[in-house]
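Naming: A, B, ... by sequence-line order, numbering from 1 per chain.
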Number of protein chains: 2
Amino acid sequence: MLNNKLDRTFAALANPARRAMVERLVAGPATVSELARPLPMSVPAVMLHLKVLEEAGMVESEKVGRVRTCRLDSAMLSQAEIWVAEQRAMGESNLDRLVKYLDETDGGQ
Amino acid sequence: MLNNKLDRTFAALANPARRAMVERLVAGPATVSELARPLPMSVPAVMLHLKVLEEAGMVESEKVGRVRTCRLDSAMLSQAEIWVAEQRAMGESNLDRLVKYLDETDGGQ
DNA sequence: TTTATTGTTAAGCATGTACTTAAGTATAAA
DNA sequence: TTTATACTTAAGTACATGCTTAACAATAAA
């Protein structure tokens with residue numbers, strides 16, 4: 001499982017701790033401890049979440065001295081957004097056509 | 001885990017079989033066998049994926065006779081789209097500000 | 001009324017996820 | 001040079017996910 005890039009991206013977003021980390025990182029880079037501080041879990045647990053985000057290509061990090069600084073890469077976020085937007089748009093336009101058809105043919109009355 | 005609605009939505013989308021089912025359903029309703037036919041797995045496995053999509057509120061289904069017909073509900077897809085779009089937009093505007101700042105201050109040169 | 005179709009349930013198995021605590025390493029501050 | 005900080009690794013636990021096959025139920029077609 002999780003071969004596909006979209007698999008990894010959506011799986012990464014399917015967790016509230018990881019979404020919180022993304023929500024923090026959209027405001028700018030942060031260290032591991034800054035990411036961990038608001039989260040109700042240990043630092044090693046945050047490291048695992050960070051690894052998931054990095055493997056999904058959504059976050060990059062670099063260690064300088066003893067501090068690892070993480071920053072968002074929004075490219076995969078864009079890919080996910082495009083996929084969802086396309087499906088939603090097609091689903092809704094299909095529904096619109098159905099509603100219009102029912103209106104025109106007095107369907108269901 | 002998976003308390004949050006977004007958790008379930010993103011988790012549902014994190015699987016290629018389930019995304020394929022959604023991609024089929026945006027074109028209109030389909031039966032369980034129609035959803036299963038193109039997928040490289042057994043019908044019981046497809047039923048499990050269908051259950052995940054239903055529990056995420058993305059698909060509704062109704063059984064008439066021996067046939068269960070499934071249709072997409074795009075509301076949760078919209079919720080997911082909004083979250084992703086917001087984060088991506090904020091991430092990019094933040095990056096834009098950084099680039100602009102570096103340009104103006106001759107940063108990094 | 002036999003038979004085929006459509007779906008459902010149950011049991012089992014392998015792997016992945018989401019943490020924990022404990023014990024390290026490397027760096028920087030006192 | 002001792003000590004605190006920031007992260008990392010390892011080991012272990014509990015539960016969830018993604019399938020499988022086999023057996024079954026309900027309905028429709030022959």
Which of these nucleotides, [options], is closest to any side-chain atom of [X]?
{"X": "B:K63", "options": "D:dT8, D:dT20, C:dT8", "answer": "C:dT8"}
{"X": "A:S42", "options": "C:dT8, C:dT21, D:dT8", "answer": "C:dT21"}
{"X": "A:A45", "options": "C:dC19, D:dC19, C:dT8", "answer": "C:dC19"}
{"X": "A:R18", "options": "C:dA18, D:dT8, D:dC19", "answer": "C:dA18"}
{"X": "A:V67", "options": "D:dA6, C:dA18, C:dC19", "answer": "D:dA6"}

Practice task
Report yes or no: is there a donor-acceptor pair, N or O only, under 3.5 Å between the side chain of B:R66 and the base of C:dT6?
Solution key: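 Checked by distance alone, the answer is no.
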Give the rounded distance in Å between these two atoms: [atom1] of [X] and [atom2] of [N].
{"X": "A:L50", "N": "D:dT8", "atom1": "CG", "atom2": "C1'", "value": "12 Å"}
{"X": "A:M47", "N": "D:dT9", "atom1": "CE", "atom2": "C1'", "value": "9 Å"}
{"X": "B:E54", "N": "C:dG7", "atom1": "CD", "atom2": "C1'", "value": "13 Å"}
{"X": "A:H49", "N": "D:dT8", "atom1": "NE2", "atom2": "P", "value": "16 Å"}
{"X": "A:M41", "N": "C:dT21", "atom1": "CE", "atom2": "C1'", "value": "16 Å"}
{"X": "A:R68", "N": "D:dT9", "atom1": "CZ", "atom2": "C1'", "value": "13 Å"}
{"X": "A:L48", "N": "D:dC15", "atom1": "CG", "atom2": "P", "value": "19 Å"}
{"X": "B:N15", "N": "D:dA16", "atom1": "CG", "atom2": "P", "value": "18 Å"}

Handout entry: same_hphob_cluster(B:V52, B:L39) at 4.5 Å side-chain heavy-atom cutoff
Key = no
Practice task
Kindly assign one of parallel, tilted or perpendicular to the pair A:F10 and A:W83, based on the angle between their ring planes and the thresholds 30° and 60°.
Solution key: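 Perpendicular, since the angle between the ring planes exceeds 60°.
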Practice task
Give the minimum heavy-atom separation between A:E54 and A:S61, together with the two atoms involved.
Solution key: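 Smallest interatomic distance, heavy atoms only, reads OE2-OG, 2.8 Å.
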Problem - 5'-most by nearest nucleotide on DNA chain C - A:P40 or B:E34 - result: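 The 5'-side residue here is B:E34.
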Completion exercise
Contacts of A:G65 and B:V43 projected onto DNA chain C by closest heavy atom; the upstream (5') one is B:V43
Problem - Side-chain (A:T31) to main-chain (A:E34) donor-acceptor, under 3.5 angstrom - result: yes
Practice task
May I ask you to decide whether A:R19 forms a salt bridge with A:E23, counting only side-chain N to carboxylate O separations under 4.0 Å?
Solution key: no
